[in-house]
Amino acid sequence: MDAAKLSRIAHAADAAGIARTTLLSAVERGEVRIYRTACGLPLVRQEDVSAWALVERKRGPKPAAS
């Protein structure tokens, strides 16, 4: 994994044009993978976030991660 391709959640969400809370919800549901640093900081790949943001989804409550 190239660490240069990892971003903080807020930065990745901003670059993809979505809300930080929307990305956090996707991470909690397991739709976007996170990588943790040694100190526990969650990071995401910008490529994954951008691809996820382009997918059309139905509005409304989403099922929780199992």
Side-chain angles (χ1 to χ4, degrees):
M1 172 58 55
D2 184 7
K5 294 183 179 183
L6 298 176
S7 302
R8 291 182 176 203
I9 290 177
H11 294 274
D14 188 44
I18 60 174
R20 178 186 59 84
T21 53
T22 300
L23 181 53
L24 282 171
S25 294
V27 167
E28 289 173 3
R29 288 190 304 270
E31 296 174 2
V32 176
R33 182 175 178 192
I34 61 168
Y35 302 87
R36 295 214 179 258
T37 62
C39 64
L41 179 70
L43 302 173
V44 292
R45 284 183 12 162
Q46 186 63 51
E47 297 169 9
D48 294 344
V49 174
S50 297
W52 180 87
L54 292 175
V55 174
E56 291 269 341
R57 290 174 192 78
K58 291 183 181 180
R59 294 189 181 268
K62 308 293 186 283
S66 47

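One-based numbering along the sequence shown. The figures that follow rest on heavy atoms only: side chains count, while hydrogens, waters and symmetry mates do not.
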Measure the [atom1]-[atom2] distance between [X] and [Y] for me, rounded to the nearest 0.5 Å.
X     : Y     : atom1 : atom2 : answer
Leu43 : His11 : CG    : NE2   : 10.0 Å
Asp48 : Ile34 : CG    : CD1   : 12.0 Å
Ile9  : Leu41 : CD1   : CG    : 8.0 Å

(request) Among Val27, Val44, Ile18, find the one that has a side chain to side chain contact (heavy atoms under 4.5 Å, CB included) with Trp52. (result) Ile18
So which atom in [X] and which in [Y] form the shortest heavy-atom distance, rounded to 0.1 Å?
X     : Y     : answer
Val49 : Ala12 : CG1-O, 3.9 Å
Ser7  : Gln46 : OG-OE1, 4.0 Å
Arg45 : Leu6  : CG-CD2, 3.6 Å

